[in-house]
There are 2 protein chains.
Amino acid sequence: MTVDLVILTVRQDRLRVLLIERGNQPYLGRPALPGGFVRHGETLDETALRELSEETGLDGRKLHLEQLHVYSDPDRDPRGRVVTVAYLALGPDMPLPVAGTDATAARWEPISSALTDGMSLAFDHAAILRDGLERARSQLEHTTVAAAFCPEPFTVGDLRHIYEAVWGFKLDPSNFRRKVTRTAGFLEPTGERRFPETGRPANLYRRGPASLLIPPLLRSGEVSS
Amino acid sequence: MTVDLVILTVRQDRLRVLLIERGNQPYLGRPALPGGFVRHGETLDETALRELSEETGLDGRKLHLEQLHVYSDPDRDPRGRVVTVAYLALGPDMPLPVAGTDATAARWEPISSALTDGMSLAFDHAAILRDGLERARSQLEHTTVAAAFCPEPFTVGDLRHIYEAVWGFKLDPSNFRRKVTRTAGFLEPTGERRFPETGRPANLYRRGPASLLIPPLLRSGEVSS
DNA sequence: CCAAAAGTGTTACACATACACCCATGC
DNA sequence: GCATGGGTGTATGTGTAACACTTTTGG
């Protein structure tokens, strides 16, 4: 029994997933999601946190982490019966991960290229990644997890860039602002401002206590450009 | 590794869960969710379908079945390490189940009493049941699964009774009708009508091909009485 | 006729969209 | 001044909530 991690972040306005290059058989040298076997006496959450730090050097306490789905096809691993529990992790742009125990390389791969046919991820990881991406997109509609992608403090524009990167289309800045600022508990003003290279300074915020978005922020509001 | 099932139905206008009485140690004689061990070479979906028929005599192909969550606390089973994958099953009012291999009794228990302290379900099944109930309530908002509770053909009133039983409050009949009939692909008219003991006859419908409810049918619309 | 459930119409309101417009800063 | 993003205002449309009302049956 294993845990595999779909770790997403936004870097340079692109949604990216953390991939490792496999250092062992099977699928030696092929890109894959980080993951590993559950140890005796560990909960799955503990396994996920441990793999996160072992394979990527990331601190799981700063990330949003949730169970995604279990993949149990008897033929999914050529070594034999391996059931895997996939986790979805969302976090702010993080320092480049270091190669870990059974990974010879790790990188932040843009989602678009990670899902092309040419990439051919190990095992059924392409399917797991697709499911994780769809879950992340859906979570942005109904919860405030998008803020987990932003290093604090952040501006409304930062948050909008997250939505645009994850959903893959532009949003209307003024309507977006209204929606997030009117949802009580989503954003907490710090009172500070950030001065960009050019343009009016923006108010800075921290994540608020709310976790659900009621009413939801629907993806249907796609806008040109 | 096991699969446990939260099987819900609506019977006599009450939401009910299928509970068995345990025939083995541990928790001998205590009420529990049906479930059992995953066999070699089986996917989890197959295990869920097999347990469904073995323990309850129900045909899983007529039910809506989905993965719920994995429960992995090392102490959740006194026999040792048992990770369980919970499934949620929703179906129409079904023939009384027959007692199966490791169950000495099975019954449709109203949700309200199944979750009282006095019931004290085996293992962590009370927590699993609570999670399943919340998932079912949420699914009714965003998908058309409510129709899975209705034997075909059914009326708009039948469907409304499902929502009322699962959510635990009354809905406005006229507004409900508008919402479900205007969602393309939710209901397919059969052209037939049903004549109640008293009152105007109602049009009959079958489930349509749609599975998502856009826009969602929100729970916030609670109404008095 | 009455009771009961099905089904329609209507008004008021909340919210979203689209877009015009103003604000504050660096250059 | 100008460019650039931040931020506000507003008209129009869409869907919901609340509830009055009509329809169709059995008794």
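Order of the sequence lines fixes the chain letters, A, B, ..., with proteins taken first and strands second; residue numbering starts at 1 for each chain.
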K.L.:
Starting at atom CG of A/Leu159, determine the distance to atom C1' of D/dG6, rounded to an integer number of angstrom.
P.N.:
15 Å
K.L.:
Could you tell me which non-hydrogen atom of A/Asp124 sits nearest to which non-hydrogen atom of A/Tyr71, and how far apart they are?
P.N.:
OD2-CB, 3.8 Å
K.L.:
Looking at residues at least two apart in the chain, or sitting in another chain, which of them share a side chain to side chain contact (heavy atoms under 4.5 Å, CB included) with A/Leu44?
P.N.:
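With sequence neighbours excluded, A/Leu44 shows a side chain to side chain contact (heavy atoms under 4.5 Å, CB included) to A/Met1, A/Val3, A/Val38, A/Gln67, A/Val85, A/Tyr87, B/Val70, B/Ser72, given in chain and number order.
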K.L.:
Tell me if the side-chain of B/Arg200 makes a donor-acceptor pair with the base of C/dA6, cut-off 3.5 Å, by modelled atom types.
P.N.:
yes
K.L.:
Quick one: do B/Glu164 and B/Arg160 make a salt bridge, cutoff under 4.0 Å?
P.N.:
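Here B/Glu164 pairs with B/Arg160 in a salt bridge, since their nearest N and O are under 4.0 Å apart.
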K.L.:
Can you see if the side chain of A/Asn203 gets near the phosphate of D/dG6 - specifically, an N or O under 4.0 Å from OP1 or OP2?
P.N.:
no
K.L.:
Ignoring hydrogens and angles, answer whether the base of D/dG9 and the side-chain atoms of A/Arg178 contain a donor-acceptor pair closer than 3.5 Å.
P.N.:
yes
K.L.:
Between A/Pro196 and A/Leu217, which is nearer to the 5' end of DNA chain C once each is assigned its nearest nucleotide?
P.N.:
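By nearest-heavy-atom nucleotide position, the 5'-most residue is A/Leu217.
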K.L.:
What nucleotide, of D/dA17, D/dG6, C/dT25, holds the atom closest to the side chain of A/Phe195?
P.N.:
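Among the listed nucleotides, the one closest to the side chain of A/Phe195 is C/dT25.
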K.L.:
To the side chain of B/Ala202, which of C/dA3, C/dC19, C/dG7 is closest?
P.N.:
C/dG7
K.L.:
Looking at A/Arg193, I'd like to know whether one of its side-chain N or O atoms comes within less than 4.0 Å of OP1 or OP2 on C/dT25.
P.N.:
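Yes, such a contact exists.
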K.L.:
Could you pick out which residue, B/Pro201 or B/Pro216, lies toward the 5' side of DNA chain D when each is mapped onto its nearest nucleotide?
P.N.:
B/Pro216
K.L.:
Reading DNA chain D from 5' onward, which residue's closest nucleotide shows up sooner: B/Ser174 or A/Gly199?
P.N.:
A/Gly199
K.L.:
Please state whether the phosphate of D/dG7, meaning OP1 or OP2, lies under 4.0 angstrom from any side-chain nitrogen or oxygen of A/Arg177.
P.N.:
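Yes.
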K.L.:
List the steps, then state whether side-chain contact (heavy atoms from CB on, under 4.5 Å) holds for A/Leu217 with A/Val180.
P.N.:
CA-CA 9 Å; A/Leu217 185 42; A/Val180 298; 4.3 Å; yes
